[in-house]
Amino acid sequence: ARRIASIKMDKKKAKRKKVKKEIPKHELVQENIGGDVVVVPVSAKEKKNLDKLEEAILLVAEMEDLKANPNTIASGVVIESKIDKGQGVIASILVQRGTLKNGDLLVAGTTYGRIKKMNNDKGRTVLEALPSYVVEIFGLNVAPLAGDLFNVVMTEKQARDITEYRMRKSKENK
C-alpha cells in the first residue's frame, strides 16, 4: 500500500533533510529511493505545494483503487465543533463511509443527536453527504471533541447506551 508523507516546511527551524532521514526509522521507504512513500513538502500557511499534495493523494487513491462505499451506514470523524447561542451545537464532520442524511441519528464521542440540518462548505443546506464530504451538522446535544469518531445508529436507546458506556470508560481512564 502506498502512503503519503507531508513535511511542514513553513517553520523557520524546519529541518527537511533531518525529517527525510527519520522516515526510514518508521519502516517507511521513500518513493525516490524505490519505496512506496510519496514525500511532499507543504506549507498550508504559505500555500506552497498544496496542489502537489492533492495530486499525490489522487494518484495514490487511483493506483490503489481506493473507494468509499456510499451505500452503507455513515461514519466518519469530527473536525471541529462549537456552540452558537442561537443555533446550538454546530459540528463540522468528514464523512468517511456511507451516506449521511438529514434526520439521521448519530453518536459522536460521548454525545449524540438527530441531524436537524446540514450545511456544505459554502453554507448551503444539503439533504445528504457522501463519502469525502465535509458538512456542518446541527442537532447534537453536546459539542463533540475534534477527532471524535461518529457513527449513525438506528435507535435513540442505542445512542444513549453507547454514549453512557463511553462516558463511564472515560471516567475510569481518568
Side-chain angles (χ1 to χ4, degrees), residues 1-8 10-11 40 42-47 49-51 53-58 60-62 64-174:
R2 289 187 159 263
R3 301 178 193 119
I4 299 173
S6 71
I7 300 172
K8 191 173 181 177
D10 56 358
K11 294 282 186 182
V40 183
V42 297
S43 169
K45 191 176 188 179
E46 297 172 9
K47 295 184 170 68
N49 292 341
L50 295 176
D51 55 337
L53 178 62
E54 181 181 15
E55 204 174 285
I57 291 169
L58 292 172
V60 168
E62 188 175 322
E64 297 290 323
D65 196 29
L66 302 175
K67 293 184 175 117
N69 182 358
N71 302 318
T72 188
I73 296 172
S75 63
V77 67
V78 175
I79 298 170
E80 66 180 354
S81 65
K82 60 186 175 187
I83 300 173
D84 182 272
K85 286 185 180 181
Q87 299 180 353
V89 175
I90 303 170
S92 295
I93 59 171
L94 168 65
V95 179
Q96 295 174 315
R97 276 185 41 204
T99 300
L100 188 64
K101 297 178 182 115
N102 213 15
D104 279 350
L105 181 62
L106 67 81
V107 174
T110 57
T111 186
Y112 71 94
R114 192 165 298 279
I115 299 174
K116 295 176 183 171
K117 181 172 108 171
M118 285 191 292
N119 288 345
N120 66 11
D121 59 331
K122 294 173 180 56
R124 295 191 188 115
T125 301
V126 293
L127 299 177
E128 64 180 26
L130 298 168
S132 82
Y133 281 38
V134 173
V135 289
E136 281 186 332
I137 61 168
F138 301 78
L140 296 177
N141 55 2
V142 177
L145 299 174
D148 279 349
L149 300 178
F150 79 83
N151 290 73
V152 170
V153 294
M154 295 300 127
T155 67
E156 200 160 322
K157 181 182 179 345
Q158 229 181 350
R160 273 194 311 272
D161 290 347
I162 292 168
T163 54
E164 285 171 9
Y165 172 78
R166 289 179 179 173
M167 285 192 285
R168 222 176 22 255
K169 277 294 196 191
S170 176
K171 285 179 184 174
E172 287 173 12
N173 289 339
K174 286 181 184 175

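- A donor-acceptor contact shorter than 3.5 Å links the side chain of T111 to the backbone of V142.
- More than 12 non-hydrogen atoms from other residues, nucleotides or ligands lie less than 6.0 angstrom from CG of L94.
- Nearest heavy-atom pair across P131 and Q96 is CB-O, 3.9 Å.
- Looking at I93 and V135, their side chains come closer than 4.5 Å, going by heavy atoms from C-beta outward.
- Taking 4.5 Å as the limit, every side-chain heavy atom of T110 sits out of range of all side-chain heavy atoms of D148.
- Between atom CD1 of residue I162 and atom CZ of residue R166 there is a gap of 6.0 Å, rounded to the nearest 0.5 Å.
- In this structure, A108 and F150 approach most closely via the heavy-atom pair CB-CB, 3.9 Å.
- With respect to R160 and E156, a salt bridge is recorded, a charged nitrogen being found less than 4.0 Å from a carboxylate O.
- From N141, atom CG reaches atom CZ of R114 across 12.5 Å, with rounding to the nearest 0.5 Å.
- Once rounded to the nearest 0.5 Å, the distance linking CG of L50 with OG of S43 reads 7.5 Å.
- Under the side-chain contact (heavy atoms from CB on, under 4.5 Å) criterion, N71 pairs with N69, sequence neighbours left out.
- A pairwise comparison of heavy atoms in M118 and A129 identifies CE-N, 4.1 Å as the closest pair.
- Within 6.0 Å of the CD atom in E54, the count of heavy atoms belonging to other residues, nucleotides or ligands does not exceed 12.
- A donor-acceptor pair under 3.5 Å is absent between the side-chain atoms of R97 and the main chain of S75, judged by distance alone.
- Residue-environment remark: CD (E62) stays at or below the threshold of 12 foreign heavy atoms within 6.0 Å.
- Here the closest heavy-atom approach between residue A159 and residue V153 is recorded as CB-CG2, 3.8 Å.
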Exercise for the section: Begin with the C-alpha distance, continue with both residues' side-chain angles, and end with the deciding distance and a verdict on side chain to side chain contact (heavy atoms under 4.5 Å, CB included) for K171 and K174. Expected result: CA-CA 5 Å; K171 285 179 184 174; K174 286 181 184 175; 5.8 Å; no
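- Counting heavy atoms from C-beta on, the side chains of Q158 and V107 never come closer than 4.5 Å.
- No salt bridge links D84 with K82; every basic N to acidic carboxylate O contact stays at or beyond 4.0 Å.
- Between the side chain of S81 and the backbone N or O of P144, at least one donor-acceptor pair lies under 3.5 Å.
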Exercise for the section: Start with the C-alpha distance between E55 and V40, add both sets of side-chain angles, then the distance that settles side chain to side chain contact (heavy atoms under 4.5 Å, CB included), and finish with yes or no. Expected result: CA-CA 10 Å; E55 204 174 285; V40 183; over 6 Å; no
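- Residues L100 and V152 are in side-chain contact: their nearest non-hydrogen atoms beyond the backbone lie under 4.5 Å apart.
- Atoms CG and CD1, from N102 and I137 in turn, are 10.5 Å apart once rounded to the nearest 0.5 Å.
- Partner of Y112 under the side chain to side chain contact (heavy atoms under 4.5 Å, CB included) criterion, chosen from L140, L105, L106: L105.
- Between I73 and M154, the closest heavy-atom pair is CD1-CE, 3.7 Å.
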